[in-house]
Amino acid sequence: MPLRVHDTRRREKVDFTTQSPGRVSMYVCGVTVYDHCHLGHARCYIAFDLIHRWLEASGYDVDYVQNFTDIDDKIILRSIESGEDWRDIVDRNIATYFEDMDALNILRADHYPRCTEYVDSMIHIIDDLVQKEHAYVADDGVYFHVDSAPEKYGQLTGQSIDAVRQGAGGRVNETGGGKRDHKDFALWKQAKPGEPVWPSPWGEGRPGWHIECTAMSLDHFGASFDIHGGGHDLRFPHHEAEIFQSECHTGHAPLAGYWLHNGFVNIDGEKMSKSLGNFWTIRDIVQKVDPFVLRLALVNAHYRSPIDMNEQLLKDAQRNHSRILQVYESALRSAMDGRQHALPTPDIASSDPLAKSLGLLERLVEGFAQAMDDDFNSRDAVAKVLAATKQLQHLMTLGTDDGDKRAIGNYAKEWLEETAGNILGILPSPDLLLAEPEEDPRKAEIADQVEALLVERSDARANKDWPRADAIRDQLSELGVVVTDTAEGPKWELE
RNA sequence: GCACGGAUAGCAAAGCUUGGCCAUGCCGGGGAUUGCAAAUCCUCUUACCUGGGUUCAAAUCCCAGUCCGUGCUCCA
């Protein structure tokens with residue numbers, strides 16, 4: 001069953017093959033570290049984390065590079081505003097980046113290059129582009145001349161040069177600075193007073209935004225690599241600029257075998273932006289929402305579709321997540337005791353309910369793999385896991401003795417760990433799950449009072465005095481206590 | 001304006017490349033269980049934007065149209 005991926009450049013799903021058998025080189029554009037990460041970053045890096053995990057699970061050795069843009073206008077602006085050294089801003093935000101990504105259970109990439117470490121190679125590439133007359137030197141920097149390679153235009157957006165000229169309207173003439181043409185973009189920016197600078201053949205200055213990814217991908221992978229990823233917004237101009245720079249510099253095309261772009265996150269139907277006041281940072285959200293629940297909510301959509309974040313979505317994710325955890329927890333518990341038997345061969349047509357149930361679960365795990373192989377369709381994969389939780393719950397009722405129970409528990413545990421755990425990344429560690437939850441101090445305060453009322457209520461119930469029993473429950477409810485009657489007797493929780 | 005993507009049940013959202021079966025979860029209906037609740041289990045109803053076409057058969061393919069989102073400027 002071949003893996004198929006949607007390539008932005010070809011605009012269709014195609015079979016996935018790598019340049020070097022069994023190995024995948026993957027470059028994903030990282031963050032500009034001028035501030036905390038937001039929900040959109042979470043979506044992007046969870047999407048590529050899933051791709052990373054699935055490729056590894058499929059037997060590929062993945063070399064995953066994700067950069068940090070650690071010098072740019074916004075960082076300089078922050079530094080001027082706050083008086084803090086730009087290097088301190090950058091270091092601090094990189095540290096919080098890793099904290100946020102760890103909280104979301106995102107596995108580390110193999111390399112996290114920073115663009116300021118690559119200024120020399122950027123200068124070398126720019127110099128080469130000037131030599132080859134793909135770039136020109138102006139008063140205020142060096143620019144890439146797009147008309148020097150018109151055949152490369154519009155590869156990711158499908159736009160022709162003429163179309164852009166039309167669409168840009170009045171802006172076409174406002175080339176600004178030393179740019180000869182509206183379409184051209186900066187490779188090197190001459191320093192303004194007070195800005196951080198690096199020496200170059202064109203005077204002191206700093207690199208333009210696009211050139212860093214060219215330098216870093218070239219350094220790690222050479223002229224061509226398998227997957228280039230990033231947010232949907234980066235297709236143009238950033239990724240098209242990379243195509244120009246890299247392919248004109250190396251003479252090798254295409255730069256990347258597959259271009260993957262994740263869809264955006266909206267909040268309550270509106271674009272997330274600071275001006276609308278609906279800007280969610282990852283740190284803020286994980287205060288309110290379990291990071292695993294957030295991860296499930298984001299994974300529960302195809303990575304290319306836009307996703308609308310709202311209360312209902314999180315509520316659904318919360319519910320689904322706790323159902324999965326319930327099953328996982330009971331699997332862990334029954335896997336612990338008793339001696340293990342061999343389970344029957346899974347057979348969907350069998351009259352043995354155990355063999356049949358196992359057969360259905362085998363089918364679901366195959367469905368999970370098919371979903372992930374189909375352009376990393378995590379939405380469908382989640383559906384398979386949810387369908388499996390019911391089946392696993394049913395399976396665990398089928399054990400007739402301890403040996404069965406343990407074998408079934410182990411089977412359920414492995415089923416979930418293979419899919420929800422290792423791939424979707426939404427299972428907490430077993431230790432964490434089985435640990436006794438910390439007692440709420442507010443609970444201890446009223447415990448005696450509640451226990452006394454519960455005893456009274458049990459007496460009332462024993463005497464079939466239902467009005468009295470319900471009155472006590474109402475009384476408890478006023479204390480903020482919810483009572484549920486279970487087979488082991490009444491239990492209570494704070495609301 | 002140009003480009004890219006989308007329109008599926010009350011809601012969210014897969015499936016469309018390779019036409020024929022079935023998404024999935026929530027909500028709602030019915031039932032089991034329960035003194036009643038909660039939880040759990042069983043079960044059911046409700047769909048493929050519109051109009052044409054192709055076909056034994058269309059959510060899926062073709063043609064035309066409508067509506068929506070995003071990009072074209074720093075953005076994951």
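In this text the structure is predicted, and so the values were computed from the model without any measurement.
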[X] has an atom [atom1]; how far is it from atom [atom2] of [N], in whole Å?
{"X": "His228(A)", "N": "A76(B)", "atom1": "NE2", "atom2": "P", "result": "13 Å"}
{"X": "Gln66(A)", "N": "A76(B)", "atom1": "CD", "atom2": "P", "result": "11 Å"}
{"X": "Arg9(A)", "N": "A3(B)", "atom1": "CZ", "atom2": "C1'", "result": "18 Å"}

Identified pairing partner of [N], criterion: Watson-Crick or G-U wobble below 3.5 Å:
{"N": "U18(B)", "answer": "none"}
{"N": "U33(B)", "answer": "none"}
{"N": "C48(B)", "answer": "none"}
{"N": "G1(B)", "answer": "C72(B)"}
{"N": "U24(B)", "answer": "A12(B)"}
{"N": "A38(B)", "answer": "none"}
{"N": "U66(B)", "answer": "A7(B)"}
{"N": "U55(B)", "answer": "none"}

Can you check the distance between [N] and [M], where both ends of the measurement are the [atom1] atom (answer in whole Å)?
{"N": "U18(B)", "M": "C63(B)", "atom1": "P", "result": "15 Å"}
{"N": "G52(B)", "M": "U45(B)", "atom1": "P", "result": "29 Å"}
{"N": "A47(B)", "M": "U34(B)", "atom1": "C1'", "result": "36 Å"}
{"N": "A12(B)", "M": "G51(B)", "atom1": "C1'", "result": "29 Å"}
{"N": "A59(B)", "M": "A7(B)", "atom1": "P", "result": "15 Å"}
{"N": "U60(B)", "M": "U8(B)", "atom1": "P", "result": "14 Å"}
{"N": "G15(B)", "M": "C21(B)", "atom1": "C1'", "result": "13 Å"}
{"N": "A14(B)", "M": "G53(B)", "atom1": "C1'", "result": "28 Å"}

Assess the residue pair Tyr112(A) and Phe68(A) against the criterion (ring-ring contact (aromatic ring centres under 6.0 Å, His included)); give the C-alpha distance rounded to whole Å, side-chain angles, the decisive distance to 0.1 Å, and a yes or no. CA-CA 7 Å; Tyr112(A) 288 96; Phe68(A) 285 116; 5.7 Å; yes

Compare side-chain N and O positions of [X] against OP1 and OP2 of [N] and report whether any pair is under 4.0 Å apart.
{"X": "Gln393(A)", "N": "U40(B)", "result": "no"}
{"X": "Lys464(A)", "N": "U34(B)", "result": "no"}
{"X": "Arg323(A)", "N": "C26(B)", "result": "yes"}
{"X": "His182(A)", "N": "U73(B)", "result": "yes"}

The side chain to side chain contact (heavy atoms under 4.5 Å, CB included) partner of Lys384(A) among Val365(A), Thr419(A), Leu364(A) is Leu364(A)

Nearest-0.5 Å distance, CG of residue Leu453(A) to CD of residue Glu456(A): 6.0 Å

Under 4.0 Å, heavy atoms only, any strand: does [X] hit a base, just the sugar-phosphate, or nothing?
{"X": "Arg11(A)", "answer": "sugar-phosphate"}
{"X": "Gly263(A)", "answer": "base"}
{"X": "Val265(A)", "answer": "base"}
{"X": "Tyr45(A)", "answer": "sugar-phosphate"}
{"X": "Arg457(A)", "answer": "base"}
{"X": "Arg319(A)", "answer": "sugar-phosphate"}
{"X": "Val382(A)", "answer": "nothing"}

Among [options], which is the nearest nucleotide to the side chain of [X]?
{"X": "Thr32(A)", "options": "U24(B), C4(B), A76(B)", "value": "A76(B)"}
{"X": "Met272(A)", "options": "A76(B), C42(B), C4(B)", "value": "A76(B)"}
{"X": "Arg461(A)", "options": "C42(B), A76(B), C36(B)", "value": "C36(B)"}
{"X": "His38(A)", "options": "A23(B), G71(B), A76(B)", "value": "A76(B)"}
{"X": "Asn262(A)", "options": "G71(B), A76(B), U24(B)", "value": "A76(B)"}

One character per nucleotide, please: for nucleotides 12-18 of chain B, 5' to 3', B when the base has a protein heavy atom closer than 4.0 Å, S when only the sugar-phosphate does, - otherwise. BSSS-BB

Examine Lys152(A) relative to Phe244(A) and say whether NZ or CZ is less than 6.0 Å from the centre of the six-membered ring and inside a 45° cone about the ring axis. no

Are side-chain N/O atoms of Ser477(A) and Asp474(A) paired as donor and acceptor at under 3.5 Å? no

Does His6(A) offer a backbone N or O that forms a donor-acceptor pair with the side chain of Asp375(A) under 3.5 Å? yes

Test your reading of the model: is there a side-chain donor-acceptor pair from Asp380(A) to the backbone of Ala371(A), 3.5 Å cut-off? no

Taking atom types as they are modelled, would you say the side chain of Asp485(A) forms a donor-acceptor pair with the base of C36(B) within the 3.5 Å cutoff? yes

More than 12 non-hydrogen atoms from neighbouring residues, nucleotides or ligands closer than 6.0 Å to CZ on Arg4(A), yes or no? yes

Please report the shortest heavy-atom distance between Ala420(A) and Val385(A), naming the atom on each side. CB-CG1, 4.2 Å

Let's go through Phe236(A) and His239(A) carefully: what are the C-alpha distance in whole Å and the side-chain angles of both, what is the deciding distance for ring-ring contact (aromatic ring centres under 6.0 Å, His included) to 0.1 Å, and is it a yes or a no? CA-CA 6 Å; Phe236(A) 188 92; His239(A) 286 161; over 10 Å; no

Return whichever of Ala469(A) or His394(A) has its heavy-atom-nearest nucleotide of RNA chain B closer to the 5' end. Ala469(A)

Taking for each residue the nucleotide of RNA chain B bearing the nearest heavy atom, is the 5' side occupied by Gly40(A) or by Arg473(A)? Arg473(A)

